[in-house]
Amino acid sequence: MSDQDEPPPSARVRPRRWFSWVWIVPLVAAVIVIWLAIRALADRGPLITIWFTDAEGLQAGDTKIRHKDVELGTVESIYLTRDMSRVVVRARMRRSVTAYLTASTRFWIVRPRVGAEGISGLSTLVSGSYIEMYPGNGIAERNFVGLDGPPILTPDVPGRSFTFYTDNLESLVVGSPISYRGVAVGEVEGFALDGTGKQINIYAFIRSPYEKYVKAQSRFWNSGGIDASVGVQGLHFRASSWQQLLSGGVSFDTPDTALATPSSDAGSVFRLYENQDDAQRDPRGSTLVYRVSFYGAAGDVRAGTAVQLQGSEVGRVTEARLQYDDVSQSLLTRVTLEIDPSRVEIVHRRADTAAGPSAAFSARLEKLVARGLRARLTSANFLTGVNVVSLDMIHDATPAHIEQVDGYAQLPSVSSTDISEILAGVQSVLHHIDTATAGPELGHAIKELDRTLTNFDHLTADAEPQIKPLLASLRETAEAAQRTLHAANNLLGSSAASNADLPRLIRELTEAARSIRDLTDYLDRHPEAVIRGRGGDPQ
């Protein structure tokens, strides 16, 4: 059988495997990538836009958005607006914070800051600046305006907002503390000019539970810096705390009688006084307005000058004008007074009198004027020269009453006794003293007195050698009398007890000996008493 007859070889075909171990690694990698992508998409939140005034410390792709040091988003891009006035920051947030991106959400850049409240943001020196987010609630929002700095108060702090108005902001800034009787209870949140441009509105927040002390009778004043004023009591000096010295401050107080009244509502408006004295002196109710005309020199009388009734302050001057009377051809000072009736307490009030404080005080003031009450200018403090309008009872005053002049009630006045008159009197007294001491009589009297004292010294020196032996003799006599008394007492013994005159004699002898000893001791210390006698005794 030849080779050609052999059957051809047949190939053995094996089925190909559908899976190879080589594909395990890329498949696992693909699963991981897909899982990460799904997770990223699931965690991917909305894209928000934040406008800032500057982007100091911010970097696209690196700067984080945080809340309570927990990462909530990442800055994706930073660019300027078309007019290059602001910075636009676009950031991708996590889906978990989507519900908190509302119109009340706040963003600000955390960086190192130094202010009156202290140093903050030091951790960013190492980690870099980041954007802090404070979550809000309400309507959803994706576009925000970033704050220039951290907010003074977070939106969830309980309390009430109030508004103050003043003519001058002075040292107040955003964040200035508000104090009640020395306790910090709130902060100044901001300020702005009103529509007229003449008044400043200050927006303040007082935390709970201190807002309950804000009543309709509360008074607010600027307590920042150092308050130095010259008044009736002299120089008044008050220094604030170190924080108020740096950032200013506002203080307020409420009368004890008003603490039981309802608290003021949020948004109530109060006047901000320049200092505590102005706040306390301003009347809390209706006032009475009077006018007074002073003839002659009126001194430094201006708006704010105190008005006193029998030495107690009851009001102030609201206006003072120098006028020329063309009829009498004389100068006068027309002063307008504002008197607070609540400063005078009316006791033992009769039932038929007016009930209101203004009408009641006005009626009493008319009676006092009929009895001699007059207005005059006096110097309340000799050193400071501060003048006050004083309402005093003048004896033998010319009869007068309150008149209506140009629609105002006018009080009668008398001439004033000012400092110039007092100084003139003192100068006159000094002149008389100088005249009395400038003549030759005073010099002659001094010379005679010197001659008399010299002669007395010589007399004392001559008598001193004779006084010493006399003193020694008196001392020996006193000692001998004392020894005699002791011997007599021992000798008499029991017989002295039966005789009533003998004990009395012994006592008298003892007192005589004691008197001689006292005299001897005194003359030993003061030998000149032999000639001049005892000091204070008549010569």
Side-chain angles (χ1 to χ4, degrees), residues 215-219 231-233 253-261 271 273 276-294 298 301-321 332-380 386-416:
K215 315 288 184 177
Q217 296 294 325
S218 299
R219 295 292 171 85
V232 175
Q233 292 79 17
D253 193 16
T254 302
D256 295 339
T257 56
L259 291 177
T261 60
R271 177 183 175 184
Y273 294 88
Q276 185 177 2
D277 291 337
D278 291 345
Q280 293 177 345
R281 292 170 58 187
D282 194 36
R284 299 183 182 274
S286 59
T287 59
L288 297 174
V289 179
Y290 294 92
R291 275 188 175 178
V292 182
S293 296
F294 295 106
V301 179
R302 64 183 68 181
T305 299
V307 177
Q308 294 184 348
L309 177 62
Q310 294 290 91
S312 299
E313 185 173 337
V314 295
R316 65 177 64 187
V317 173
T318 58
E319 184 183 23
R321 287 180 175 272
L332 59 93
T333 302
R334 179 68 58 82
V335 177
T336 304
L337 313 178
E338 187 178 56
I339 298 178
D340 184 6
S342 62
R343 299 290 184 93
V344 181
E345 181 183 4
I346 301 177
V347 296
H348 302 148
R349 179 180 296 185
R350 293 178 301 178
D352 57 345
T353 58
S358 298
F361 181 78
S362 178
R364 270 72 176 180
L365 193 61
E366 291 183 1
K367 295 180 180 180
L368 290 174
V369 169
R371 294 171 51 189
L373 184 71
R374 300 292 183 268
R376 62 179 177 179
L377 292 174
T378 60
S379 298
V386 176
N387 289 336
V388 298
V389 177
S390 182
L391 304 178
D392 299 320
M393 299 299 297
I394 306 299
H395 298 288
D396 301 330
T398 304
H401 61 277
I402 300 178
E403 300 178 350
Q404 293 293 326
V405 179
D406 298 333
Y408 287 89
Q410 181 158 319
L411 296 173
S413 63
V414 294
S415 59
S416 307

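None of these values were measured; they are calculated from a predicted model. Note that the numbering runs from 1 along the sequence shown for the chain. Values below: every heavy atom of this structure, side chains too, minus hydrogens, waters and symmetry copies.
Residues satisfying the side-chain hydrogen bond (donor to acceptor under 3.5 Å, both in side chains) criterion with R219, sequence neighbours excluded, are absent altogether. A370 meets the side-chain contact (heavy atoms from CB on, under 4.5 Å) test with no other residue; sequence neighbours excluded. For S342, the side-chain contact (heavy atoms from CB on, under 4.5 Å) test picks out D340, with sequence neighbours left out. Not counting sequence neighbours, T305 has no partner by the side-chain hydrogen bond (donor to acceptor under 3.5 Å, both in side chains) test. Annotation: side-chain hydrogen bond (donor to acceptor under 3.5 Å, both in side chains) contacts of D406 (sequence neighbours excluded): none.
Using a 4.5 Å heavy-atom cutoff, the side chains of T398 and V414 are not in contact. Side chains of R271 and D282 form a contact here, defined as non-hydrogen atoms less than 4.5 Å apart. At a threshold of 4.5 Å between non-hydrogen side-chain atoms, the residues E319 and R334 do not count as touching. You'll find the side chain of S293 reaches within 4.5 Å of the side chain of Q410, heavy atoms only. Taking the side chain as every heavy atom from C-beta outward, F294 and V335 approach each other to under 4.5 Å. Proximity of V344 to V314: side-chain heavy atoms (C-beta onward) are separated by under 4.5 Å at one or more points. In this structure, T287 and I339 have side chains that are not in contact, with every pair of non-hydrogen atoms separated by 4.5 Å or more. Residues P412 and V369 meet the side-chain proximity criterion, which asks for heavy atoms closer than 4.5 Å.
The number of heavy atoms from other shown groups lying within 6.0 Å of CD (Q404) is above 12.
Between the CZ atom in R364 and the CD1 atom in I346 there is a gap of 4.5 Å [rounded to 0.5 Å]. In this structure, CG in L259 is found 6.5 Å from NZ in K215, a value given to the nearest 0.5 Å. Here E403 contributes atom CD and R291 contributes atom CZ; the two are 14.0 Å apart, rounded to the nearest 0.5 Å. For the atom pair CG of L391 and OG of S312, the computed distance is 11.0 Å after rounding to the nearest 0.5 Å. Rounded to the nearest 0.5 Å, atoms OG1 (T318) and OH (Y290) are 13.5 Å apart. Atom CD of residue E338 and atom OG of residue S286 lie 10.0 Å apart, to the nearest 0.5 angstrom.
Contact detail for A258 and T254: the closest heavy-atom pair is CB-CG2, 4.0 Å. Residues V307 and L337 share a closest heavy-atom pair of CG2-CD2, 3.8 Å. Shown here for L288 and S358, the closest heavy-atom pair between the two residues is CD1-O, 3.7 Å. Minimum interatomic distance between Q217 and P255 (heavy atoms only, all atoms of both residues): O-CD, 3.6 Å. Between D278 and R316, the shortest heavy-atom contact is O-NH2, 4.1 Å.
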Handout entry: Trace of the side chain to side chain contact (heavy atoms under 4.5 Å, CB included) decision for V301 with L377
Key = CA-CA 9 Å; V301 179; L377 292 174; 3.7 Å; yes

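Here salt bridge (Lys or Arg N to Asp or Glu O under 4.0 Å) pairs that include residues 389-400, with residues two or more places apart or in two chains, are R376-D392.
A donor-acceptor contact shorter than 3.5 Å links the side chain of R343 to the backbone of E313.
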